[in-house]
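Inspection log for the structure reproduced underneath, given as structure tokens.
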Amino acid sequence: MKWCPICKSERICHKLFLSDDRYGYPGDFTLLRCQYCDHVFLEHEFTPEQLTELYSVYYPRSHFDSDSYKPHAETTGFSAWLAGARGAAFRWVPGAVRVLDVGCGFGETLGYHVARGCDVYGVEADENIRRVADRFGYKVHVGLFDAGLYEADFFDYVTMDQVFEHVVDPLGVLEGVARILKPGGVVVMSFPNARGWGARVFGRRWINWHAPYHLHFYSDRSLELLASRSGLKLIEDTTITPSSWLHFQWMHLITYPKPGESSKFWAGSACGNPVDFTMMQRLLIKFAGFFHSVKLNHLATRLFDALGIGDNRVVLLRKP
């Protein structure tokens with residue numbers, strides 16, 4: 001790609017060379033930066049067949065047991081603040097509204113909204129959601145987001161939790177969301193902040209580059225352009241980062257794989273698979289667990305968020 005996917009500028013420069021340091025998808029990937037709108041994006045030209053392979057073969061699909069399904073619960077107070085709970089888009093949705101969750105995973109958010117009196121819809125590409133949706137009667141479209149499936153001016157809220165960085169066509173998605181939102185309706189998005197402290201400190205080993213799955217990293221300027229072109233208005237932009245992310249970052253560094261190999265953490269222990277860690281890795285993992293248990297990760301994460309340089313952005317856009 002020789003131009004910016006957001007502003008179409010040809011003033012593009014190289015930023016980083018990346019590989020799949022989680023699941024071992026082969027190949028090297030180039031991260032580029034637009035010098036006009038500061039949008040950062042992965043140079044990608046995946047065929048539909050390659051995308052299917054990327055997510056079906058390499059990206060871990062959980063053998064989820066619907067018997068253990070448990071909706072997210074309300075969380076408030078100091079413990080919720082310390083954990084960075086409001087870093088999740090669904091936490092910003094009030095009760096008794098009509099809401100669409102794009103990328104609803106295994107439906108924990110759907111049950112959360114139902115319990116609060118909402119009329120809830122979901123979109124999820126992973127077929128595993130069918131078991132939960134069928135069992136609990138949730139209204140879920142299995143596949144990619146398609147605004148044409150819904151009436152215009154239909155939803156009060158649309159949420160995208162850690163989804164917007166994956167989409168191939170950000171403007172097309174936002175235009176579709178704007179069409180199905182009621183006047184005054186709000187889209188709530190959370191996505192990694194490539195201008196935060198983590199990307200600066202950890203460089204190419206920052207966990208949220210997550211190549212080749214994460215395609216876009218939005219700047220203030222590129223987000224403003226997308227919002228205006230889709231007819232939406234920015235009403236909130238803040239950094240609120242789950243404190244667990246810093247623990248995951250330490251684990252990522254401790255178990256960083258060789259090129260072309262999968263991570264012992266992401267493709268192993270995090271997925272419940274047995275892993276043979278080295279003696280040094282086991283020692284460092286214990287230290288990382290101790291830091292997390294005494295809330296040092298939590299305090300550091302809250303500090304970075306307070307300074308506006310946290311790893312996770314939460315953005316709210318309203319339809320006029």
(message) Give me the atom names and distance for the closest heavy-atom approach of L215 to P212.
(response) CD2-O, 3.5 Å
(message) Is any side-chain heavy atom of V315 closer than 4.5 Å to one of F191?
(response) yes
(request) Could you pull out the closest heavy-atom pair between A83 and H298, with the gap in Å? (result) CA-CD2, 4.2 Å
(message) Between R116 and E74, does any side-chain N to carboxylate O distance fall below 4.0 Å?
(response) yes
(message) Which residue in the set P170, C7, P5 passes side-chain contact (heavy atoms from CB on, under 4.5 Å) when paired with H39?
(response) P5
(message) side chain to side chain contact (heavy atoms under 4.5 Å, CB included), that's the test. Do R200 and I309 meet it? Break it down for me.
(response) CA-CA 10 Å; R200 300 175 195 174; I309 55 173; 4.2 Å; yes
(message) In terms of relative ring orientation, are H44 and H216 parallel, tilted or perpendicular, with 30° and 60° separating the classes?
(response) perpendicular
(message) Under 4.0 Å between a side-chain nitrogen and a carboxylate oxygen: does that hold for E261 and K258?
(response) no
(message) Just by distance, no angles: are the side chains of R302 and S243 close enough, under 3.5 Å, to form a donor-acceptor pair?
(response) yes
(request) Can you sort out the partners of D20 under salt bridge (charged side-chain N to carboxylate O under 4.0 Å, His left out), two or more places apart, ordered by chain and number? (result) none
(request) Answer whether the closest heavy-atom distance between the side chains of L226 and I6 falls below 4.5 Å. (result) yes
(request) State, without any angle test, whether D311 and Q249 hold a side-chain donor-acceptor pair at a distance under 3.5 Å. (result) no
(message) Closer than 4.0 angstrom, basic N to acidic O: yes or no for R313 and D220?
(response) yes
(message) Measuring only between side-chain heavy atoms, which start at C-beta, is I180 closer than 4.5 Å to L100?
(response) yes
(request) State plainly whether one hydrophobic cluster holds both V158 and L317, where clusters connect Ile, Leu, Val, Met, Phe, Trp and Tyr through side-chain heavy atoms under 4.5 angstrom apart. (result) yes
(message) With a sphere of 6.0 Å drawn around CG of L299, does it hold more than 12 non-hydrogen atoms of other residues, nucleotides or ligands?
(response) yes
(message) What I'd like to find out is whether the side chain of F90 reaches to under 4.5 Å of the side chain of M160, using heavy atoms alone.
(response) no
(request) Would you indicate whether F136, at its atom CZ, is surrounded by more than 12 heavy atoms from other residues, nucleotides or ligands within a distance under 6.0 Å? (result) yes
(message) Assess whether a salt bridge exists between D38 and R195, defined as any Lys/Arg side-chain N lying under 4.0 Å from an Asp/Glu carboxylate O.
(response) yes
(request) Please determine, by modelled atom types, if N297 and W250 share a side-chain donor-acceptor pair under 3.5 angstrom. (result) yes
(message) Can you confirm whether R205 sits close enough to L253 that some side-chain heavy atom of one is under 4.5 Å from a side-chain heavy atom of the other?
(response) yes
(message) Does R86 qualify as a cation-pi partner of W92, given the criterion of NZ or CZ under 6.0 Å from the six-membered ring centre and within 45 degrees of its axis?
(response) yes
(message) Is a donor from one side chain sitting under 3.5 angstrom from an acceptor on the other, for D28 and S19?
(response) no
(message) Angle between ring planes, W266 versus F248, binned at 30° and 60°: parallel, tilted or perpendicular?
(response) perpendicular
(message) For Y256, is the OH atom crowded, meaning more than 12 foreign heavy atoms sit under 6.0 Å from it?
(response) yes
(request) Heavy atoms only: give me the nearest R91-H72 pair and the separation to one decimal. (result) NH2-CB, 4.4 Å
(request) Please determine, by modelled atom types, if Q162 and S190 share a side-chain donor-acceptor pair under 3.5 angstrom. (result) yes
(request) Please confirm whether F265 and H252 have ring centers closer than 6.0 angstrom. (result) no
(request) Taking the side chain as every heavy atom from C-beta outward, state whether T159 and V187 have any pair of such atoms under 4.5 Å apart. (result) no
(request) Answer with yes or no whether the side chains of W209 and H214 bring together a donor and an acceptor at under 3.5 Å. (result) no
(message) I want to check a possible cation-pi pair here: R131 against F106, using under 6.0 Å from ring centre and within 45° of the ring axis as the test.
(response) no
(message) If the threshold is 4.0 Å, N to carboxylate O, is there a salt bridge linking D21 and R204?
(response) no
(message) Can you see whether F154 has R98 sitting over its ring - NZ or CZ less than 6.0 Å from the centre and within 45° of the normal?
(response) yes
(message) Checking the side chain of T255 only, and the main-chain atoms of M251 only, is there a donor and an acceptor separated by less than 3.5 Å?
(response) yes
(message) Please tell me whether Y138 and Y121 form a close aromatic pair, meaning their ring centres lie under 6.0 Å apart.
(response) no
(message) Looking at Y69, is its backbone amide N or carbonyl O close enough to the side chain of R135 to form a donor-acceptor pair, meaning the two atoms are under 3.5 Å apart?
(response) no
(message) Would the distance check show the side chain of D156 and the main-chain N or O of V97 forming a donor-acceptor pair, the cut-off being under 3.5 Å?
(response) no
(message) Taking K139 first and then D119, would you say they form a salt bridge - that is, a charged N and a carboxylate O separated by under 4.0 Å?
(response) yes
(request) Mind running side chain to side chain donor-acceptor pair (under 3.5 Å) on T109 and D101 for me, showing each step along the way? (result) CA-CA 8 Å; T109 57; D101 184 12; 2.5 Å; yes
(message) Counting C-beta onward and ignoring hydrogens, is there a side-chain heavy-atom pair between L32 and K15 closer than 4.5 Å?
(response) no
(request) Can you label the angle between the F217 ring and the W206 ring as parallel, tilted or perpendicular, going by 30° and 60°? (result) tilted
(request) Would you please indicate yes or no on a ring centroid separation below 6.0 angstrom for F17 and F29? (result) no
